[in-house]
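All values below were derived from every heavy atom in this structure, side-chain atoms included, with hydrogens, water molecules and symmetry-related copies excluded. To find a chain, count down the sequence lines: A is the first, B the second, and so on, and within it residues start at 1.
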Amino acid sequence: MDVHAVRRDFPILGRQQGDNPLVYLDSAATSHKPTAVIEAMAAFYRRSNANVHRALYELAAEATEMYEGARAKVAGLLGASAEEIVFVRGTTEALNLAAYTLGEARVQAGDSIVVTEMEHHANLVPWQQAARRQGARLQAVPITEGGELDFASYERVLSSGAKVVALTHASNLLGTINPVPELSDIAHRAGAVVVVDAAQTVPHMPVSVSELGADMLAFSGHKMLGPTGIGVLWARHELLEELPPYMTGGEMISEVHLDGATWARPPRRFEAGTPPFAQAVGLGAAVDYLSQLGLRDVRAHDVGLVQRMLEGLSCRPYISVYGPLDPSARAGLVSFNLRGVHPHDVATLLDQEGVAIRAGHHCAQPLVRRLGVAATCRASCYVYNTGGEVETLLSALDEAWRILR
Amino acid sequence: MKGYGEIILDHWRRPRNKGRLPAPDREAVEANALCGDVVRMQLELEGTRVSAAMFDGQGCAISQAAASLLTERIKGKPVGQLAQLADQEMLSALGELTSTRSSCALLALWALRQALKEDQ
């Protein structure tokens with residue numbers, strides 16, 4: 001992968017931040033968009049815009065074909081079939097959909113739902129609510145000191161049975177990649193459905209749903225070079241067939257009478273209202289772009305940058321790094337703190353050098369509390385980041401430390 | 001460096017009036033749950049004037065420097081005058097600030113207002 005050629009595809013990277021070039025190390029929050037994605041959406045609005053699935057005229061048929069074409073592209077990326085792809089607004093909506101419908105269909109009073117201590121709020125709070133609605137018990141599997149899932153606890157919790165296991169493929173704070181195939185096996189033996197938050201992995205590495213072994217998978221378009229307002233819930237088709245709708249209204253019905261309605265088959269049962277079809281076209285273009293780069297190469301690029309970050313951060317005595325120290329065991333992000341300095345001060349000072357990182361609790365308050373800190377700094381990378389940018393980050397951190405210590 | 005002028009860095013490195021008063025007449029704690037910044041303001045009054053002020057807390061450089069600076073500014077002032085202290089005065093006293101951090105800069109002032117509200 002030629003990173004300098006890749007960079008030319010991202011117009012925003014030409015922007016200055018004050019007197020400095022923008023060094024964007026916050027792709028775990030949202031990624032930038034290549035010209036191919038921006039143009040695909042603009043072209044759709046210019047030439048093909050019409051509401052989908054009401055194709056009595058040529059233009060609407062074309063829009064529908066493009067929307068369904070995007071579904072097929074996403075299915076191809078995951079090694080799934082198109083009827084298993086539900087378009088939603090993002091990972092959060094996908095996980096809320098999963099929690100609501102699985103709660104209704106599979107969880108009864110006294111049952112157990114299992115999550116982990118390293119979940120993003122989006123894969124924790126919907127399950128708290130589902131457990132509350134169904135009168136079920138929510139159990140959280142702890143992490144080890146090294147920032148990995150405590151495997152023994154996981155096995156112990158599952159040994160007494162569970163209806164749902166909801167876990168992240170990679171922690172958005174620690175970077176830890178969970179061994180989902182093994183964890184899914186254990187969950188399935190206990191009779192649980194496995195729901196995976198893949199927001200930090202599908203954009204960054206090859207993910208095949210058959211190899212993963214989970215039953216549901218959620219991710220967002222905007223973290224994978226696509227637009228905001230679109231995300232994906234993949235689920236095994238027989239599971240989708242079993243589930244009740246989440247939102248109801250137009251598009252998702254089979255027949256409606258004044259006193260009731262029947263549901264369309266999946267995926268349309270879960271796509272009430274006018275779907276984000278222009279965003280789907282943008283996401284399709286993002287999938288094409290990533291496939292052309294090759295997700296194996298995207299992953300290798302991330303690992304190289306994370307290795308440089310980990311080496312640079314670990315050799316600075318004033319910095320603590322959180323999560324696994326092996327770059328191949330992490331997603332493309334690193335959380336850290338400067339001794340005695342609040343992460344918000346670090347982020348503000350780095351911004352003065354044009355370096356954009358995130359600082360805060362990263363929507364994982366229980367995990368931050370478990371780490372015993374108020375917040376962390378997080379630098380995350382993607383296809384357009386360079387080793388030189390990692391060096392800029394490190395020297396900006398030295399400067400921040402010099403100022404604030 | 002923009003956002004961290006000499007005033008902020010000076011108060012962050014050498015906080016004034018940090019600690020606890022033995023017998024405060026007024027006291028309030030304000031926290032910013034989002035970032036974990038906490039500031040406790042304590043006042044001793046003599047008649048209608050502030051005779052001593054101290055702060056305690058933890059958090060970012062801006063929130064802690066602002067609290068330090070505020071304790072210096074309010075000492076000897078009439079309570080009535082402090083209730084009028086405006087956000088903008090606090091912000092300009094700290095020098096150049098980035099707009100994303102004004103809630104940090106105002107935390108101590110909110111604690112002061114809370115302390116003054118008590119028993120009125």
Side-chain angles (χ1 to χ4, degrees), chain A residues 16-20 22 26 29 120-121 125 173 318 322 335-378 392 395-405, chain B residues 1-16 18-19 29-41 55-70 87 90-111:
Chain A
Q16 292 281 115
Q17 204 55 37
D19 298 331
N20 302 293
L22 171 66
D26 197 19
H120 186 286
H121 297 162
V125 182
L173 192 153
Y318 64 88
Y322 305 101
S335 278
F336 57 92
N337 265 328
L338 276 58
R339 197 192 322 128
V341 177
H342 195 287
H344 285 181
D345 289 328
V346 179
T348 302
L349 281 169
L350 260 52
D351 183 40
Q352 314 298 321
E353 309 279 318
V355 180
I357 64 160
R358 188 143 293 247
H361 54 59
H362 314 291
C363 295
Q365 286 181 2
L367 177 55
V368 169
R369 224 168 274 135
R370 165 69 177 80
L371 297 174
V373 294
T376 74
C377 305
R378 182 187 71 187
T392 305
S395 57
L397 286 171
D398 287 337
E399 176 67 2
W401 176 244
R402 191 189 62 73
I403 290 168
L404 287 173
R405 70 169 158 189
Chain B
M1 193 173 253
K2 196 176 149 226
Y4 289 82
E6 276 315 304
I7 301 165
I8 290 174
L9 290 176
D10 180 42
H11 280 270
W12 163 245
R13 290 180 184 133
R14 299 184 303 110
R16 331 286 204 264
K18 182 165 181 174
V29 181
E30 281 286 334
N32 187 339
L34 267 182
C35 57
D37 290 347
V38 182
V39 168
R40 175 191 303 272
M41 293 290 290
F55 85 99
D56 200 0
Q58 58 193 23
C60 69
I62 295 173
S63 68
Q64 302 305 302
S68 166
L69 179 130
L70 189 61
D87 289 0
M90 184 77 227
L91 296 175
S92 25
L94 286 165
E96 201 180 353
L97 263 182
T98 54
S99 57
T100 52
R101 303 298 297 280
S102 49
S103 65
C104 311
L106 293 172
L107 194 61
L109 183 57
W110 294 333

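Here the side chains of A:Thr348 and B:Thr98 are in contact, with some heavy-atom distance below 4.5 Å.
Once rounded to the nearest 0.5 Å, the distance linking OH of B:Tyr4 with CD1 of A:Ile403 reads 9.5 Å.
Across B:Gln64, B:Arg13, B:Arg101, B:Gln58, the residue that shares the most heavy-atom pairs under 4.5 angstrom with chain A is B:Arg101. Interface remark: of the candidates B:Gly59, B:Ala61, B:Gly36, B:Ala61 forms the most heavy-atom pairs closer than 4.5 Å to chain A.
Summarising the geometry of A:Leu404 relative to B:Trp12, their closest heavy-atom pair is O-NE1, 2.8 Å, with the distance given to 0.1 Å. Residues A:Asp345 and B:Ile62 come closest through the heavy atom pair OD1-N, 4.0 Å.
Checked against ring pair (Phe, Tyr, Trp, His ring centres under 6.0 Å), B:Trp110 has no partners two or more places apart in sequence or in another chain.
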All N/O donor-acceptor pairs, side-chain side in residues 361-374 of chain A, below 3.5 Å, sequence neighbours left out:
from: A:His361; atom 1: ND1; to: A:Cys363; atom 2: N; distance (Å): 3.1
from: A:His361; atom 1: NE2; to: A:Gln365; atom 2: NE2; distance (Å): 3.2
from: A:His362; atom 1: NE2; to: A:Gly360; atom 2: O; distance (Å): 3.3
from: A:His362; atom 1: NE2; to: A:Thr376; atom 2: O; distance (Å): 3.1
from: A:His362; atom 1: NE2; to: A:Thr376; atom 2: OG1; distance (Å): 2.8
from: A:Arg370; atom 1: NH2; to: A:Ile143; atom 2: O; distance (Å): 3.2
from: A:Arg370; atom 1: NH2; to: A:Glu145; atom 2: OE2; distance (Å): 3.3

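No more than 12 heavy-atom neighbours from other residues, nucleotides or ligands sit within 6.0 angstrom of CD on B:Glu6.
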